[in-house]
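Please read the structure below before turning to the comments.
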2 protein chains.
Amino acid sequence: MTNQPKYQRRKEDRPQEIADAAFKTFAEKGYAATRIDDVAKRAGISKGLTYLYFKTKEDLFKAVVKNVVVRRVDSLIGNVESTELSSEEFLRGPLLDFMKKVPGSPIAIVIRLLISEGPRHPDLVNYYYDNVVARGLAAIRQFVARGVERGEFRREALEHQPHLFLAPMMLSMIWRLVFTDKPLDTDQLMESQIELLLAEMKA
Amino acid sequence: MTNQPKYQRRKEDRPQEIADAAFKTFAEKGYAATRIDDVAKRAGISKGLTYLYFKTKEDLFKAVVKNVVVRRVDSLIGNVESTELSSEEFLRGPLLDFMKKVPGSPIAIVIRLLISEGPRHPDLVNYYYDNVVARGLAAIRQFVARGVERGEFRREALEHQPHLFLAPMMLSMIWRLVFTDKPLDTDQLMESQIELLLAEMKA
DNA sequence: ATACTTAATGACTAAGGAGTCAGCAAGTAA
DNA sequence: TTACTTGCTGACTCCTTAGTCATTAAGTAT
């Protein structure tokens, strides 16, 4: 009968582990229905320990959202800014790929949480806007502008807000969040929209 | 000193009054954060009375959602089906007007609630899908098909899912729910999309 | 007036869950 | 081995709130 320790001390890893467990639980149950006890169980620790690393439930929530955002967005938006593709190739390629990925990614979960809990956490909303939405829109705007400069697109192309590129992505996301069992070819939707916009911009 | 009664008995009106108060409270706070006591106060009654008309909080929630849906959707979708306009006029006129109204209407609130609480109320999601989404999509599809029959649109126009018409409406709704203070010309967005699609379908 | 029905009240119960903290034991150093 | 620090536990407190129910009083009929 070996003397197995009841637990290991792992000060360094705990915060991330707790955040991961919390994200999964928030994703499944939403903020209000999530019990700290569940998060702790999932992380394999006691409830009390959660409070050593996060002062309150709200604290944990905010940390989790920011954590997901920074971990994902940099890689997704970042590589977009350093491409050598033509504007058209970029819109059809990397941008489309990016958009296809989002509805099934943790970003979609974060958006669900922001829709539900946003009004009670305005600073979180602002954080998300600055770090995700504003950057994403700027990236698209930049590529359209570059296309105009190079003569690929008409001048009026800029009239088409970048939001129009993202609209089908938004619908796909919500659709999949709410109507999980109703099929919808969301990839097709986004492809069509890109072609629609490209046709307009080039015409 | 007149003998004012403490309350009036109004069996007939109570359910609707409670439902209205509940809708407002759910809209402000979300399902979990709404206390039955708040709803009762808002409706000007005692908490106990709520339970005379609605068995549980969940019951009340479902009743409220269905109540809003049936009251709004019939008028919005209904008149759409009996128009004499050409397909193109219809898409530019009544459909566009409808779409412009939705993001600021109670329907948007219901969608927020469905996004947050949907997973825990699958029958509600199905109800909403059947009565709103399916009917809305069918209406658009029908008008595009009619346009094709009449030779207004190309055959391939049908490839463009009705979802594409609704995508900017979806984005506008979410935008306004989450980023209430960030301006966005959502009407312009929807107009552009309609024009984009019409151009494609006629080309 | 009087008796009766039931809409409506509000105090109460029970349960659940956020946050606390005294004590325990894993790791560390001498 | 012993003394010490601190990551970690889990039982506890306290508050909130869904749901109940004995009681009250508004409306009605006779």
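In what follows, chains carry the letters A, B, and so on, assigned in the order in which the sequence lines appear, proteins first and then strands, with residues in each chain numbered from 1. These numbers come from a predicted model, not from an experiment.
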Measure the distance from CG on B/Asp13 to C1' on D/dG27 and round it to the nearest whole Å. 15 Å

Run the salt-bridge test on A/Arg135 and A/Asp130 with the 4.0 Å N-O cut-off and return the result as yes or no. no

Identify whether the distance between the nearest side-chain nitrogen and carboxylate oxygen of A/Asp123 and A/Lys62 falls below 4.0 Å. yes

Measure from CD on A/Glu12 to P on C/dG27 and round the result to the nearest Å. 14 Å

Compute both the distance and the angle, then confirm whether A/Lys202 meets the cation-pi test with A/Phe153: under 6.0 Å from the six-membered ring centre, within 45 degrees of the axis. no

Rounded to the nearest angstrom, tell me the gap between atom NZ in A/Lys55 and atom P in C/dA18. 16 Å

From CG of A/Asp37 over to P of D/dC12, roughly how many Å is that when rounded to an integer? 15 Å

Rounded to whole angstroms, how far apart are OH on B/Tyr31 and P on D/dT17? 14 Å

In whole angstrom, what separates A/Lys57's NZ from D/dT16's P? 15 Å

Would you mind reading off the distance between B/Phe61 atom CZ and D/dG19 atom C1', rounded to a whole angstrom? 19 Å

What does the B/S/- profile of nucleotides 1-16 of chain C look like, 5' to 3', with a 4.0 Å heavy-atom cutoff to protein? -----BBSBB------

Are more than 12 heavy atoms, taken from residues, nucleotides or ligands other than A/Arg155, located less than 6.0 Å from that residue's CZ atom? no

Please give, in whole Å, the distance from D/dC8 C1' to A/Ile18 CD1? 11 Å

Would you tell me whether B/Gln193 and A/Gln193 have side-chain atoms, one donor and one acceptor, within less than 3.5 Å of each other? yes

Taking the ring of B/Tyr31 and the ring of B/His121, is the distance between their centroids below 6.0 Å? yes

